[in-house]
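Have a look at the structure below before the remarks.
Sequence positions, counted from 1, serve as the residue numbers for this chain. If you're wondering where the values come from, they're calculated on a predicted model, not measured in any experiment. All ligand and atom numbering here is 1-based and tracks the order in the structure.
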Amino acid sequence: MTNAFFEVPVPQNEPIDPYAPGTASRVALEAELERMAGEQIDIPVIIGGKEIRSEQTEKIVMPHDHGHVLATCHHGDADAVNAAAKACKAAEREWQDTPWEHRASIFLKAADLLAGPWRDRINASTMLGQSKNAFQSEIDAACELADFWRFNVDYMREIYCEQPESAPGMWNRMEQRGLEGFVFAVTPFNFTSIAANLPTAPALMGTTAIWKPSSTAALSNYWLMKLLEEAGLPPGVVNFIPGHGPTIGDPAFAHPDLAGLHFTGSTGVFQHMWGAIGNNIKNYKCYPRIVGETGGKDFIFAHASADVAALVTATLRGAFEYQGQKCSAASRLYIPKSIAGEFQDRLLAEIAQIKMGDPRDFSNFMNAVIDERAFDKISGYVEHARSASDAEILCGGVCDKSAGYFIQPTVVATSNPRFKTMVEEIFGPVVTMHVYDDSKLDETLAQCDTASAYALTGAIFAQDRYAAVHMAKALEHAAGNFYINDKPTGAVVGQQPFGGGRASGTNDKAGSKLNLLRWCSARTIKETFVPPTDWRYPFLG
Ligand code: NAD
């Protein structure tokens with residue numbers, strides 16, 4: 001019980017450590033990378049706070065050196081899912097009765113642990129396990145996740161503060177209850193921050209969760225589970241079950257206590273899950289909340305007035321950082337003929353300077369793609385471009401998986417605005433350029449709007465303000481996160497709430513109160529001070 005309305009600490013974005021040569025933080029991170037690369041750990045299933053080791057295991061390797069084993073990961077099965085649902089139920093009452101400021105405290109503490117003593121471990125496990133360079137890991141695993149935890153606490157406060165009007169003689173109130181049942185949080189490999197946010201956003205709002213991490217992110221995700229334990233998250237509030245998707249998914253979707261799906265991953269998987277929930281709809285105790293952020297085919301559209309230097313930098317960073325494995329990665333370019341020559345020359349000259357390799361060598365801007373399946377899929381697109389009559393590879397195109405899964409930054413040019421690599425999500429370091437006639441701006445804007453099923457991120461480049469207004473209007477529904485004179489990646493919590501429409505997802509904007517509203521259920525309370533004692537209305541007289 002509390003007898004005060006508490007303020008929460010004003011959230012601020014976690015500062016990005018640049019890890020410049022010779023700094024103490026660089027030395028500490030390098031030492032942690034070396035230490036972690038020298039050990040092999042066991043990653044258990046964690047249910048109700050108990051570690052479980054199963055027969056079914058998988059080796060977790062470095063994508064940039066796939067002979068190097070980092071961990072053995074134990075897989076869960078249907079029994080584990082049912083046990084986790086039970087653990088959620090057992091934890092639910094006490095967790096929901098815990099005053100909100102105590103729930104908030106746990107996540108604020110988790111953010112401080114992450115930004116402080118755990119920073120190197122979480123960054124090193126992301127760098128080694130997911131093949132991210134120090135900067136890409138820092139902005140994701142350290143900063144964005146600390147931001148999610150701190151900003152979400154403030155959004156929760158905002159939600160709780162929203163109260164209805166009260167007419168004379170009564171007091172109307174609204175409270176936000178945790179959901180009855182568990183949220184199934186199914187998370188992708190590419191962002192450590194998203195992985196931890198998906199189970200913890202519901203938990204903050206008083207809803208228990210089963211977290212199914214991606215196998216290829218299991219190392220960093222496991223350490224985050226341990227961090228949450230250290231922060232004081234009670235057993236059973238979040239249960240951690242690595243494993244094969246359908247093996248975990250099928251029993252979770254069949255469970256009557258499923259209260260929500262919090263998913264980030266590919267569009268096909270999300271559509272399958274929505275179907276599974278639809279098929280089970282009569283079996284649930286409540287209608288499950290469905291939040292899914294999925295794929296993208298993100299564009300950069302330049303106007304003739306674009307600043308070419310800025311366009312080149314945005315393309316290079318937007319397309320190739322983290323090997324293009326961001327849902328927001330720039331993967332199709334629309335460039336007007338009048339600046340195409342200069343743009344292409346400058347872009348190719350800059351790409352020629354990119355170094356690729358092991359993230360422990362800090363001079364590498366790019367590292368490996370996540371696994372063999374991704375490597376084969378991406379190299380398939382490269383081969384398609386190589387053999388097509390209406391496309392040409394301008395640079396890159398070399399794929400080598402002998403020691404690690406390396407794919408050179410690749411630029412494809414095509415005269416066909418509906419060429420396969422202009423339309424489908426590749427999720428790798430491949431960007432396709434379509435040069436358009438300056439006089440065909442509107443026609444090309446329409447092609448950009450309709451070429452792909454996705455609508456996640458997109459950027460326009462124009463110095464001419466009227467052109468920018470016109471392009472922004474024409475592309476109104478083409479992206480949920482829209483950028484003017486900036487790359488389409490790098491959304492920051494609290495600044496650019498993230499999510500897309502159309503096939504890209506439900507656009508519930510991770511890192512905003514819109515998302516948190518999905519993990520609670522409002523109860524309206526009307527209290528009447530002096531209730532009527534005569535049922536007859538005056539008009540009856
Ligand atoms: P994925 O769809 O292959 O896997 C996502 C998760 O779903 C994994 O944990 C996987 O094991 C699990 N899964 C697969 N089938 C399942 C099933 N039947 N039941 C339960 N779980 C199942 O995606 P990925 O390769 O990890 O991530 C890349 C994708 O994620 C890309 O399409 C990318 O655009 C998207 N993404 C989107 C956003 C966004 O905010 N829109 C952010 C990051 C990634």
Nearest non-hydrogen protein atom, atom 21 (N) of ligand 1 = Met273 CE, 3.3 Å
query = To the nearest 0.1 Å, how far is atom 12 (C) of ligand 1 from its closest protein heavy atom, and which atom is that?
reply = Val186 CG1, 3.5 Å
ask   = Please walk me through it: do His66 and Phe375 pass ring pair (Phe, Tyr, Trp, His ring centres under 6.0 Å)?
value = CA-CA 12 Å; His66 47 59; Phe375 177 94; 9.0 Å; no
message = Pairs of nitrogen or oxygen atoms closer than 3.5 Å, one from Lys212 and one from ligand 1: do any exist?
response = yes
request  = Just let me know how His244 lines up against ligand 1, side chain, backbone, both or neither, with a heavy-atom cut-off below 4.0 Å.
outcome  = neither
request  = Answer with yes or no whether the side chains of Glu293 and Thr264 bring together a donor and an acceptor at under 3.5 Å.
outcome  = no
query = Does atom 3 (O) of ligand 1 have any protein heavy atom closer than 4.0 Å?
reply = yes
request  = Kindly determine whether Asp449 and Arg502 satisfy salt bridge (Lys or Arg N to Asp or Glu O under 4.0 Å), including the steps that lead there.
outcome  = CA-CA 11 Å; Asp449 186 37; Arg502 296 183 182 163; 3.1 Å; yes
query = Hey, does Gly505 sit under 4.0 Å from ligand 1 if you only count heavy atoms?
reply = no
query = How about His64 and Ser131: does a side-chain donor come under 3.5 Å of a side-chain acceptor?
reply = yes
key: Expected output: side-chain Arg360 to main-chain Leu128 donor-acceptor under 3.5 Å   = no
remark   = The protein heavy atom nearest to atom 29 (C) of ligand 1 is Gly265 C, 3.5 Å
ask   = Does any N or O in the side chain of Asn280 come within less than 3.5 Å of the main-chain N or O of Ala276, such that one atom is a donor and the other an acceptor?
value = yes
ask   = Any chance the rings of His384 and Phe419 have centres within less than 6.0 Å?
value = yes
message = Given Val269, Thr187, Asp250, identify the one with the heavy atom nearest to atom 6 (C) of ligand 1.
response = Thr187
inquiry  = Could you walk me through whether Phe253 and Phe184 satisfy the ring pair (Phe, Tyr, Trp, His ring centres under 6.0 Å) test, starting with their C-alpha distance in whole Å, then the side-chain angles of each, then the deciding distance to 0.1 Å, before giving a yes or no?
reply    = CA-CA 8 Å; Phe253 294 120; Phe184 186 37; 5.4 Å; yes
task = Going by the side chain to side chain contact (heavy atoms under 4.5 Å, CB included) test, name the single residue among Phe498, Trp149, Phe191 that passes it with Glu144.
result = Phe191
note = Checking heavy atoms under 4.0 Å, the part of Phe270 that sits near ligand 1 is neither
request  = Answer yes or no: does an N/O atom from Gly243 fall short of 3.5 Å to an N/O atom of ligand 1?
outcome  = no
task = Using a strict cut-off of less than 4.0 Å between a Lys/Arg side-chain nitrogen and an Asp/Glu carboxylate oxygen, indicate whether Glu424 and Lys377 qualify as a salt bridge.
result = no
Shortest protein contact, atom 1 (P) of ligand 1 (heavy atom only) = Ser266 OG, 3.6 Å
key: Ion pair Lys297/Glu425, N-O distance below 4.0 Å   = no
remark   = Of Gly480, Ala185, Cys327, Ala195, the one whose closest heavy atom lies nearest atom 42 (C) of ligand 1 is Cys327
Gly295: numbered ligand 1 atoms lying under 4.0 Å from its heavy atoms = 32 (O), 34 (O)
ask   = How does Gln325 reach ligand 1, if at all, at less than 4.0 Å between non-hydrogen atoms: by side chain, backbone, both, or neither?
value = neither
request  = Could you tell me whether Leu456 approaches ligand 1 through its side chain, its backbone, both or neither, with non-hydrogen atoms closer than 4.0 Å?
outcome  = side chain
key: Distance-only polar pair, side chains of Asp140 and Ser193, donor-acceptor under 3.5 Å   = yes
query = Can you list the ligand 1 atoms lying under 4.0 Å from a non-hydrogen atom of Asn190?
reply = 43 (C), 44 (C)
ask   = Nearest protein heavy atom to atom 26 (O) of ligand 1, by residue and atom, and its distance?
value = Phe189 N, 3.1 Å
remark   = When distances are taken from atom 32 (O) of ligand 1, the protein heavy atom at minimum range is Glu425 OE1, 2.7 Å
inquiry  = Tell me the contacting part of Pro213 for ligand 1: side chain, backbone, both, or neither, using a 4.0 Å heavy-atom threshold, strictly below.
reply    = backbone
query = Which bit of Arg373 is near ligand 1, meaning a heavy atom under 4.0 Å away: side chain, backbone, both or neither?
reply = side chain
remark   = ligand 1 atoms nearer than 4.0 angstrom to some heavy atom of Ile194 are 42 (C), 43 (C)
task = Identify whether the distance between the nearest side-chain nitrogen and carboxylate oxygen of Lys401 and Asp371 falls below 4.0 Å.
result = no
ask   = Short list, please: which atoms of ligand 1 are under 4.0 Å from a heavy atom of Phe498?
value = 39 (C), 40 (O)
ask   = Given Ala329, Pro188, Gly245, Ser504, which one has a non-hydrogen atom that is nearest to atom 13 (N) of ligand 1?
value = Gly245
query = Counting only heavy atoms, which portion of Ile370 has something under 4.0 Å from ligand 1: side chain, backbone, both, or neither?
reply = neither
request  = Can you sort out which atoms of ligand 1 are near Ser214, meaning under 4.0 Å from one of its heavy atoms?
outcome  = 9 (O)
inquiry  = Checking the N or O distance criterion of under 3.5 Å, is ligand 1 in contact with Phe427?
reply    = no
message = Looking only at protein heavy atoms, which one is nearest to atom 37 (C) of ligand 1, and what is the separation?
response = Thr294 O, 3.0 Å
inquiry  = Any nitrogen or oxygen of Thr264, side chain or backbone, less than 3.5 Å from one on ligand 1?
reply    = no
ask   = Looking only at side chains, do His74 and Gln56 share a donor and an acceptor under 3.5 Å apart?
value = no
key: Salt-bridge present (Glu138, Lys132; N to O < 4.0 Å)   = no
task = Give me the ring orientation class for His255 and Phe182: parallel if the planes are under 30° apart, tilted from 30 to 60°, perpendicular past 60°.
result = perpendicular
